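The block underneath contains the structure these notes are about, expressed in structure tokens.
The basis for the numbers below is simple: all heavy atoms, side chains too, and nothing from hydrogens, waters or symmetry mates. Here is how names work: the chains are called A, B, and so on, in the same order as the sequence lines, proteins then strands, and each is numbered from 1. Here the structure is a predicted model, which means the values were calculated and not measured.
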Amino acid sequence: MFCTCEIYHQRDDAAEAFMETHYSPARIEQKWQQAWENNQNFRVVEDATKEKYYLLEMFPYPSGRIHMGHVRNYAIGDVVARYKRMRGFNVLHPMGWDAFGMPAENAAIEHGTHPAKWTYENIDSMRVQLKRLGLSYDWQREFATCDPEYSRWEQLIFLKMLEKGLAYKKSSSVNWCPDCQTVLANEQVEEGSCWRCNNLVETKELEQWFFKITEYADELLDFTDQLPGWPERVLAMQRNWIGKSYGCEIEFSVVGGQQGIKVFTTRPDTLFGATFMSLAPEHPMVKQLVTAEQQVEVDAFLATVSTQDKVARTSGELEKQGVFTGSYSVNPLTGEQIPVFLANFVLMDYGTGAVMAVPAHDQRDFEFARKYQLPIRVVIQPEGQEDLIPEQMTEAWTGGGLLVNSGDFNGQPNDDAKEKIAAYLDERGEGHKTVNFRLRDWGVSRQRYWGTPIPIIYCDACGAVPVPEQDLPVLLPDDVELTGEGGSPLARHEGFLQVDCPRCGQTARRESDTFDTFVESSWYFARYACPDFSAGPLDRDAVNHWMPVDQYIGGIEHAVMHLLYARFFTKVLRDLDMLDVDEPFTNLLTQGMVCMETQRCPEHGWLYPEQVKDDACIECGASVDLGRTEKMSKSKKNVVDPNQLIERYGADTARLFSLFAAPPEKDLEWNEQGVEGCSRFIGRVWRAVVENRDLVSNCSPLGEVDGAAAELHRKTHQTIKKVSEDIDGRFHFNTAIASVMELVNAIYAFKAKEDDAAVVREALEAMVRLLAPFVPHLCEELWEVLGYEHGIESHGWPQWDEAALKTSEITLVVQVNGKVRGKVDVATGADNQVMEAAALADPNVQRYMEGKQVRKVICVPGRLVNIVVS
RNA sequence: GCGAGAGUGGCGGAAUUGGUAGACGCGCUAGAUUUAGGAUCUAGUGUCCCGUGGCGUGGGGGUUCGAGUCCCCCCUCUCGCACCA
């Protein structure tokens with residue numbers, strides 16, 4: 001058919017030509033994201049012919065909107081994934097959703113939206129946002145942890161742990177808001193009050209489920225020495241958290257009582273100085289120790305302590321308080337009767353919940369003794385100092401020294417006495433050496449709706465009965481009303497609660513608590529190996545193929561909890577025969593925070609960047625105060641929305657700036673002008689290719705080159721080497737990008753003639769391929785402009801040619817007495833004599849040697865000559 | 001208090017094993033583009049007196065032919081832990 005309006009056709013052609021010569025991120029980013037999806041470029045299956053590489057970034061909570069922290073985290077990961085893929089690895093790079101948690105319940109309470117609806121809608125919108133960044137995930141492995149298919153297997157793992165005795169139930173104290181009738185996490189207690197209703201928080205004893213992480217304490221600690229790919233500070237934090245300490249358990253008998261009191265101490269050497277004893281208020285022996293005369297006082301004290309929340313109890317700022325029980329115990333070495341106190345700073349869940357108090361040598365005991373006028377006895381005298389006199393002491397002496405007032409042990413160095421007193425006690429059956437951990441078992445019960453139900457049924461006759469495997473998963477009921485008050489909605493949901501006992505068939509009730517959401521994130525990385533496996537939690541073959549994660553990337557805020565729980569779970573899964581590795585993450589990269597300057601208007605408070613124009617508030621025109629640079633947060637309004645950024649500059653620019661502005665492990669300071677700079681660089685890259693397209697198309701192969709062309713050729717290969725080494729292992733993306741910028745500058749500076757086309761083409765191709773992991777859309781498009789049909793990754797990573805790096809001459813620095821006085825060119829590979837001769841011949845060098853005697857000449861081949869004169 | 005890390009131009013940051021300190025980018029300055037430009041290109045930009053020179057990596061000492069880098073002392077900042085017996 002004829003067209004009646006040929007003019008429009010011409011216009012279309014013109015428009016097309018325009019679009020192809022002008023960089024349009026919106027067009028090419030959409031084009032390539034579509035292409036990757038259509039071609040399934042990032043889909044991965046086990047492949048015995050390729051080396052596997054499992055790259056994982058910490059999966060996000062589906063809050064609904066991505067923030068700059070996500071952009072940075074996932075941009076870093078994507079560079080590594082794309083680079084490794086180009087290097088020929090079979091890369092597993094999955095993404096999913098840490099989908100259970102409180103924000104969904106809060107949204108339900110505030111807006112009446114069901115947590116599931118809220119969560120899945122957020123996931124849908126966040127997936128779109130992540131895809132807009134062009135991240136190379138195998139989306140077919142995506143899952144959300146709130147999916148019943150995930151819960152099913154988590155519940156099964158729990159049942160297996162129960163069988164092995166790794167999960168158990170015990171009574172434990174929690175923060176309790178009497179008004180909201182609910183349990184609060186430590187971070188929901190603000191200055192002793194409930195974050196929601198501001199009422200005073202109490203502690204309350206509740207029966208809760210625990211995972212026996214302490215059984216793995218030693219292994220978790222020992223393996224911190226076998227994780228060379230982890231940052232030292234993360235390992236240090238974990239060691240600190242595990243807190244292994246060597247000491248002694250000693251039993252003190254009670255005057256007039258049958259049962260003794262056990263204490264744990266790291267200082268058995270100070271035992272002769274124990275002048276009283278402090279027990280945790282929750283100690284099980286409190287009732288039997290309190291005498292009738294002291295009852296009233298003790299009850300008052302216990303009442304006070306119960307109003308102090310857990311955070312305050314362990315904060316260190318709390319005033320030391322205590323009360324005498326009326327009872328006495330016997331110091332096993334001195335035979336002396338010492339009073340037994342209750343003290344608010346003694347914690348029931350560390351050691352034995354009882355402390356032998358040695359006021360002369362422990363600061364807390366010292367303060368306590370002074371307050372309640374208890375005796376202080378020095379048993380260690382520091383060497384080379386004046387003797388300690390109790391009445392004159394202003395603080396405890398916690399250092400070393402020789403024992404005094406310690407019977408047969410007098411005169412011994414205290415380190416020796418630790419061993420000897422422990423041995424002596426052991427002999428007499430009054431104590432023994434032991435180790436103690438700060439790490440406590442992991443309480444996993446949460447009195448919440450939006451979590452994985454704990455698969456237990458309580459029967460009056462049979463007790464706590466596990467839900468039979470074939471009845472899994474225990475599903476959350478849909479018809480719940482979330483108000484935020486009156487405890488967990490599950491505990492009030494009769495339809496959910498009522499169930500027959502699987503063992504005896506009698507009417508029973510379900511457990512209404514759900515798991516801590518850290519449980520889901522403790523094994524998701526293994527499930528990515530087999531997301532659709534339906535015969536169990538993990539497909540052993542697939543998991544053994546992919547695990548461990550070769551590189552894990554995420555925020556430092558997870559240094560202890562998540563990363564320790566994940567390590568623990570891996571060991572549990574190993575011992576349950578579900579996988580075969582000891583540690584989940586071989587290498588860990590903890591990326592820094594994304595920060596930005598804060599801005600404040602005297603009238604309107606914190607301002608978003610878009611509320612400021614020319615350093616003035618757009619509302620009132622007042623000049624704004626620049627605050628300090630801090631982590632981006634909504635409360636300070638120092639945030640940049642990734643979606644707006646992508647709209648304005650494109651995903652490639654957003655990615656490039658995140659990677660260029662700072663090395664990954666350091667904090668990144670967001671700066672609009674820096675973003676502009678990256679955008680400009682992308683424009684330069686684009687034009688370098690487009691403007692040279694005619695020159696380099698159909699050029700002859702690269703032959704012998706010399707002069708400026710040889711220099712560009714060398715620069716190309718130097719850049720390939722530099723970028724390869726910066727990415728591989730070092731993760732110095734900022735310097736990798738900087739070196740490509742140098743190459744681009746060199747391309748611009750090079751005045752190409754017709755017969756230089758091959759050198760220019762080589763430089764352009766290297767530039768495009770080296771940038772592909774960082775700015776993939778741009779590079780795919782330019783690769784196509786350069787005439788290639790298949791995706792850029794299929795061409796692999798460029799190799800540098802060692803021969804091309806070599807120059808016939810190199811420039812040496814010549815120093816006289818360590819100061820640079822000249823530069824000379826010598827042939828590559830020149831020996832020391834040649835170097836020295838060239839250096840001595842330099843006129844300026846000679847000036848500085850005039851009238852002096854040469855003492856020594858140091859030659860560093862290829863670098864410098866240093867002439868030492870006197 | 002304990003533990004970890006950091007301190008380099010106006011700013012973000014380079015300098016991988018001790019070998020030209022300040023790569024690269026931002027900002028700034030000047031020039032070009034026969035109009036303008038928050039576009040593009042080119043050049044300059046640690047600092048000090050005029051130079052082919054002096055000084056310069058938080059401060060002080062040391063090792064070395066040579067120190068941002070190694071050793072000792074001190075100062076400042078950031079992060080984590082903190083009544084753990």
**Report entry** d(CG, A:N817; C1', B:rG53) in whole Å
**Finding:** 16 Å
Sort me out a list of protein N/O and nucleotides 15-19 of chain B N/O pairs below 3.5 Å, or just none if empty.
residue, atom, partner, partner atom, Å
B:rA15, OP1, A:R730, NH2, 3.1
B:rU16, O4', A:R730, NH1, 3.4
B:rU16, O4, A:K722, NZ, 2.8

Query raised in the report: Out of B:rC24, B:rU52, B:rC26, which nucleotide sits closest to the side chain of A:M741?
Result: B:rC24
**Report entry** Spacing of the C1' atoms in B:rG10 and B:rG46 (rounded, Å)
**Finding:** 11 Å
Query raised in the report: Whole-Å distance between B:rG12 C1' and A:M596 CE?
Result: 15 Å
Requested in this report: Would you check if the distance from the ring center of A:F368 to the ring center of A:F341 is below 6.0 Å?
Outcome: yes
Requested in this report: Using the C1' atoms only, state how far B:rC24 lies from B:rG19, rounded to an integer number of Å.
Outcome: 22 Å
Report task. Using whole Å, report how far CZ of A:R648 lies from P of B:rG38. Result -> 14 Å
Query raised in the report: Can you check B:rG9 for me, syn or anti if syn means within 90° of 0?
Result: syn
Heteroatom pairs (N/O) under 3.5 angstrom, protein to nucleotides 54-56 of chain B:
residue, atom, partner, partner atom, Å
B:rG54, OP1, A:R821, NH2, 3.1
B:rG54, OP2, A:R821, NH1, 3.3

Query raised in the report: So, is A:R438 near the phosphate of B:rA82, with a side-chain N or O under 4.0 Å from OP1 or OP2?
Result: yes
Query - Span that lies between the P atom of B:rG58 and that of B:rG9, in whole angstrom - result: 8 Å
Query raised in the report: Side chain of A:R440, base of B:rC84: donor and acceptor closer than 3.5 Å?
Result: yes
Query raised in the report: Tell me: CG of A:N344 to P of B:rC84, nearest whole Å?
Result: 13 Å
Query - CZ-CE distance between A:F660 and A:M741, expressed to the nearest 0.5 angstrom - result: 4.0 Å
Query raised in the report: If you pin A:Y350 and A:N240 to their nearest nucleotides in RNA chain B, which one's is more 5'?
Result: A:N240
Query - Donor-acceptor contact present, side-chain A:E836 to main-chain A:V857, <3.5 Å - result: no
Query - Distance-only polar pair, side chains of A:N638 and A:T598, donor-acceptor under 3.5 Å - result: no
Report task. Give the dot-bracket string for RNA chain B, reading 5' to 3', where a pair is Watson-Crick or G-U wobble with both distances under 3.5 Å, ( ) marks pairs inside the strand, [ ] marks pairs crossing earlier ones, | marks a partner on another strand, and . marks unpaired. Result -> (((((((..(((......[....)))((((((.......))))))(((....)))..(((((..]....))))))))))))....
Query raised in the report: Does A:F750 have its ring centroid less than 6.0 Å away from the ring centroid of A:Y748?
Result: no
Report task. Using a cut-off of strictly less than 4.0 Å, decide whether A:R680 has a side-chain nitrogen or oxygen near OP1 or OP2 of B:rG27. Result -> yes
Atom pairs under 3.5 Å: protein N/O with N/O of nucleotides 42-51 of chain B:
none

Query raised in the report: Taking only residues two or more places apart in sequence, or in another chain, which ones meet A:Y848 in a ring pair (Phe, Tyr, Trp, His ring centres under 6.0 Å)?
Result: none
Query raised in the report: A:W670 and A:F657: aromatic ring centres closer than 6.0 Å?
Result: yes
Query raised in the report: With A:F437, which residues qualify under ring pair (Phe, Tyr, Trp, His ring centres under 6.0 Å), at least two apart?
Result: none
Query raised in the report: Backbone N or O of A:P25 within a donor-acceptor pair of the A:D652 side chain at under 3.5 Å?
Result: no
Query raised in the report: Taking atom C1' in both B:rA21 and B:rA67, what distance in whole Å separates the two?
Result: 11 Å
Query raised in the report: Within less than 4.0 Å of OP1 or OP2 of B:rC81, is there a side-chain N or O belonging to A:R239?
Result: no
Query raised in the report: Under 4.0 Å between a side-chain N/O of A:N436 and OP1 or OP2 of B:rA85, yes or no?
Result: no
